[in-house]
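Right, one structure below, let's go through it.
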Number of protein chains: 2
Amino acid sequence: MYTPGMETSERLIESTRRLLWERGYTGTSPKAIQQDAGAGQGSMYHHFRGKPDLALAAIRRTADEMLAKAEEQFAGPGTALERISAYLLRERDVLKGCPIGRLAQDPDIVADPELRRPVDETFDRLRGRLAEVLTEGRERGELGDTLDPEDTASTVVAVLQGGYVLARAAGSTESYRQAVQGVLGLLAAHAAA
Amino acid sequence: MYTPGMETSERLIESTRRLLWERGYTGTSPKAIQQDAGAGQGSMYHHFRGKPDLALAAIRRTADEMLAKAEEQFAGPGTALERISAYLLRERDVLKGCPIGRLAQDPDIVADPELRRPVDETFDRLRGRLAEVLTEGRERGELGDTLDPEDTASTVVAVLQGGYVLARAAGSTESYRQAVQGVLGLLAAHAAA
DNA sequence: GTCTATAACGTGATAGAC
DNA sequence: GTCTATCACGTTATAGAC
């Protein structure tokens, strides 16, 4: 992943992002990061205090990117259901899984409050924005009054995260697609009711 | 975890089951297993060919146990919705996550077809049984005709798996509860329609 | 800012004694 | 069947030269 026109610290963060996604925190060694970034031991420990410090920088950047991409669909045109549908069905590297959700399974991430915070915040903001979209849809009469926006927002995020899990287990994106179609079908039926 | 009245190979499997749940495959070392089980290196390599072989035995047992516990709710009394509700709301170690779903995030598990197979099969059977329960509910008129049992079954499994992810990220079971309430609410609205 | 050297310890496995 | 010894290599970091 060596990229010539990029600062060493920048390259280290980008390599860490990629390796955290592929192998998780426990499975990613400082040595692997250094090799991937084309940097020596000394460089890494000059720019970062250690593995957790570097991981924190990488996680924050990935989290910001994820929320920005989600906002593209949430703030887009269409009904609430159309925007949520666009979000769930947009092109994704389903078999690679969610770069943030993956970290929630890592015991070393969950055990460290500094590292867990950006993961928690990411899901909290996603859920919050989805709840706003759903509330809007209910006010516009696109969805029934009985729908609980907060609970349903959590459900949508959970279907996304769980869909990733099923797809990786199966080695196929089909189960992700099914899970998404299922929840969209339930939401559509609710709208019609 | 040393348990006196148990065969060494039995203790090794039980320790592996617990450590795989807590730390995942990559994060679990043979040495840690041996110490937990109170067995030496030689014992482990006498009974098992290595780490993957021992992990396979542990995963199979956990998978069987999971499916058996799920069947208790699926085969129980009540409507389809009541049985699915009982399944999702039964007592669970939510913050510890799903011992099988956790493995789907592990690159070394996914990369090894022998180790991935039991994980995939577990979800496939869960999804299959849920689809049967939903089909039954539709035939009995408990659920609307527009509901797709296969897709919805995937959705329910995904909500469960995703709920675990959200709960671990938040360090609280609340988001799991919300995600489950959300999908049950959508299913209930569908039933009423 | 970057590099190499070194260190103390862990990993996954084999060999062979008991 | 169980144990300890040994091995080659990886991990996470520190020290200090360039």
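Chain A is the first sequence line, chain B the second, and so forth, proteins listed ahead of strands; every chain is numbered from 1. When reading the values below, keep in mind they use all heavy atoms of this one structure, side chains included, and skip hydrogens, waters and symmetry mates.
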Handout entry: Cation over ring face, Lys96(B) and Tyr164(B), 6.0 Å, 45°
Key = no

Write down the distance between [atom1] ([X]) and [atom2] ([N]), rounded to a whole number of angstrom.
X        : N       : atom1 : atom2 : answer
Glu10(B) : dG1(D)  : CD    : C1'   : 16 Å
Ile33(A) : dT11(D) : CD1   : C1'   : 12 Å
Asp53(A) : dT12(D) : CG    : P     : 15 Å
Glu7(A)  : dT2(C)  : CD    : P     : 8 Å
His46(B) : dT4(D)  : NE2   : P     : 16 Å
Met44(B) : dT2(D)  : CE    : P     : 13 Å
Gln35(A) : dC3(C)  : CD    : P     : 13 Å
Leu19(B) : dG12(C) : CG    : P     : 12 Å

Can you figure out which of [options] approaches the side chain of [X] most closely?
X        : options                   : answer
Lys51(B) : dG12(C), dT11(D), dT2(C)  : dG12(C)
His47(B) : dG1(D), dT12(D), dT4(D)   : dG1(D)
Ser29(A) : dA13(D), dT11(C), dT11(D) : dT11(D)
Tyr45(B) : dT14(D), dG12(C), dT2(C)  : dG12(C)
Pro30(A) : dT2(C), dT14(C), dT12(D)  : dT12(D)

Problem - Residues, nucleotides or ligands: over 12 heavy atoms within 6.0 Å of Arg18(A) CZ - result: yes

Problem - Crowding at CZ, Arg60(B) (>12 non-hydrogen neighbours, <6.0 Å) - result: no

Problem - N or O in side chain of Thr8(B) less than 4.0 angstrom from dT2(D) OP1/OP2 - result: yes

Problem - Residue whose nearest DNA chain D nucleotide is more 5′ - Gly42(A) or Gln34(A) - result: Gln34(A)

Exercise for the section: For the pair Thr79(B) (side chain) and Glu82(B) (backbone), establish whether a donor and an acceptor sit closer than 3.5 Å, ignoring hydrogens and angles. Expected result: yes

Problem - Lys/Arg N to Asp/Glu carboxylate O, Arg102(B) vs Glu22(B), below 4.0 Å - result: no

